[in-house]
Number of protein chains: 2
Amino acid sequence: MSTIYEIAKQVGVSTATVSRALNNKGYVKEELKHRIWAKAEELDYVPNALAKSLVNKLTQIITLIIPDISNPFFALVARGVEDTAYNYGYSLLMCNTDGSKVKEKKYVAVARERQADGIIFIGSIMSKNYLEELAQNKIPIVVADRYVDGLNVDKVLNDNLKGAKEAVRHLVRLGHQAIATIRGPQTTQTGLDRYIGYEKAMKESLLEPRQDWVREGDFKESTGYYETKQLLELREPPTAIFAANDLMAIGALSAIEEAGLRVPHDIAIVGYDDIPLASKVRPRLTTVAQLKYELGQQAAETLIWRLNNPEQYKRPETLVLQPRLVIRESSLVGSVIDEK
Amino acid sequence: MSTIYEIAKQVGVSTATVSRALNNKGYVKEELKHRIWAKAEELDYVPNALAKSLVNKLTQIITLIIPDISNPFFALVARGVEDTAYNYGYSLLMCNTDGSKVKEKKYVAVARERQADGIIFIGSIMSKNYLEELAQNKIPIVVADRYVDGLNVDKVLNDNLKGAKEAVRHLVRLGHQAIATIRGPQTTQTGLDRYIGYEKAMKESLLEPRQDWVREGDFKESTGYYETKQLLELREPPTAIFAANDLMAIGALSAIEEAGLRVPHDIAIVGYDDIPLASKVRPRLTTVAQLKYELGQQAAETLIWRLNNPEQYKRPETLVLQPRLVIRESSLVGSVIDEK
DNA sequence: TTGAAAGCGGTACCAG
DNA sequence: CTGGTACCGCTTTCAA
């Protein structure tokens, strides 16, 4: 592995000059510059980023901490982050936590040891204090896709409340009044927001959500199936169901089919997330699409911007991405509408 | 950011002693050790991995170069790599190339500049010379999921030939004789191997594959659909189709359904890959499952092993993972068999 | 324009 | 057991 020193020796100049020539920085006589470049080429010189970083205090490394890259949602986010990072000359350190706080903390430590310039964090440690302390004193961080009340840290979010509202309004526009929901765990911010969105949309349409139309889910397909069965057995079953995610919506589809009813003729279904499967099932699922790639992209942009503007930190950035309703067959009789 | 020097000063010892204490290496009086540890804690000392690496010549970084993390196949591979890396104390640098040779080369350069200890490579630059030169003189590399004839580099592969054979043999066992295939592009090793597997299995069963039962595909669903239509219009349509991947198999499913025929009663279908969708479509798809997570895991294990045994490089490792036939409804009338 | 030299944060060898 | 010090590869004053 040849070094700047080796080049200096062979060309007969100092390392200082070689450094300047190689980085095209400061004064070096044109002719000498070319000789240095040629020698670097000849020796297959590869600059040592570690040594550079040690003096610059900058590694151009971003650490991405996510629950699980094999989840398509995070994979797309990651792709958005990486593409953006790459465009700005940053490299990405990937960390999968499975939502374990222990691993999250370990990876934060790794990021700090490796002198990463910053962290993009999608985690479960959502203590306001921990995150603010990190951002202010340890390492720049942008929180993505996770809402924490009053959190004073750069963040990029999806507007789940808005998305849920859109979904329900869509059903209302189709004439539905008896709209049930299979909500997510109310211990998660996502579950909570989507439920509040449902409630608000109902109220604004002067529809009182009946208690037995609000079912407790856990984001799993089997639960969507089971809860829908329950809904169908009610004396007054709903004519539409808003499920807090696509998997539960797909479970609902099976339950309805099994009961000999038809979607959307007898019951309309709307999901959330727009996972790949949503456009594959029959009937195709109407759902709320999140900007996943863009989430990653914006998180990276925000972080990199922050790295160049650390001084303005008093006012952290908050970016809220708007979801998009994708109308397909599960809510619309007849024609297939799919903007995808 | 406190340093070893800061600790040394405050405790009143030399940096050498602090270093030894912190790494629990060499002799340091117990009591002193504890004082040093306490001070490190107090100062929120974080070791600088860059400085360490600069002297050790080891970064404990693995660079993963893949086409696209948002493709579920690679996402699982990546997860396997990361988990293993993590267990051994390595960090993962993630690089998405989209199969672009230019990006592949750029990322190899990045890996070298950042002094990554090694590379796990799933790429399209498959020149034997390039890879061997890299592995021998520049940076340890293990090639994953890509076959190159006679390549003298550590590698981990999926046995596509074997998988395709299994698929066809399975159809033969069910009594099929008229077995068509929609193969992948014969310019890709994967497409080639799976086709050869088909051919071999046919020949070993003394079935001559008729030329019009061999269709040219490109791994896309729409192509599977289209080519199946063609197959159905033959004077002697096949009674079974082996598609070189699941997407094409799913396209085939639609075409058959549309033609008013039933799977598997009229025509049996077998795919390849076992993508998540395979178990969701109706009828559920019989397919050949690849060990994706394990592929990543083994690639990482191999690389890390190699880093500790560079001297034995004359004989590179080759690991071939065995695919597994997952029998579902699309090939089996009646009972639902799904080992998943 | 160029070079000498001081560091960046640690490690490790050699003395003591 | 502990300290002095050279060095890892590169950047950046400061002088010349």
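Every chain is numbered from 1 and lettered A, B, ... according to where its sequence line falls, protein lines coming before strand lines. Source: prediction; values computed, not measured.
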Using a cutoff of under 3.5 Å, can you pull out all pairs of nitrogen or oxygen atoms linking the protein to nucleotides 7-10 of chain D, with atom names and distances?
unit_1	atom_1	unit_2	atom_2	d
D:dC8	O3'	B:K57	NZ	3.1
D:dG9	OP1	B:K57	NZ	2.7
D:dG9	N2	A:A51	O	3.4
D:dC10	OP1	A:Y45	OH	2.5
D:dC10	OP1	A:N48	N	3.3
D:dC10	OP2	A:I4	N	2.6

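- Looking at residues two or more places apart in sequence or on another chain, you find a salt bridge (Lys or Arg N to Asp or Glu O under 4.0 Å) between A:D44 and B:R112, B:K138.
- A close approach under 4.0 Å does not occur between any side-chain nitrogen or oxygen of B:K25 and OP1 or OP2 of C:dT11.
- Salt bridge B:K39/B:E42: present, at least one basic N to carboxylate O contact under 4.0 Å.
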Output a table of donor-acceptor pairs, distance under 3.5 Å, between side-chain atoms of residues 55-64 of chain B and any protein atom two or more places apart or on a different chain; print 'none' if there are none.
unit_1	atom_1	unit_2	atom_2	d
B:N56	ND2	B:K52	O	3.3
B:T59	OG1	B:I61	N	3.4
B:T59	OG1	B:Q115	O	2.8
B:T59	OG1	B:D117	OD1	3.2
B:Q60	NE2	B:G89	O	3.4

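- Not one side-chain nitrogen or oxygen of A:T17 sits closer than 4.0 Å to the OP1 or OP2 atom of C:dT2.
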What pairs of nitrogen or oxygen atoms, one from the protein and one from nucleotides 14-16 of chain C, lie under 3.5 Å apart?
none

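- Listed by residue number, the members of residues 29-43 of chain A with any heavy atom below 4.0 angstrom from DNA chain C are A:K29, A:L32.
- Residues that satisfy the salt bridge (Lys or Arg N to Asp or Glu O under 4.0 Å) test with A:R35, not counting sequence neighbours, are A:E31.
- Considering only the side chain of B:A16, D:dG4 comes nearest among C:dT2, D:dG4, D:dT12.
- The nearest pair of heavy atoms linking A:S124 to A:G99 is OG-O, 2.9 Å.
- Cation-pi contact between B:K101 and B:Y130: absent, since separation from the ring centre below 6.0 Å together with deviation from the ring axis within 45° is not met.
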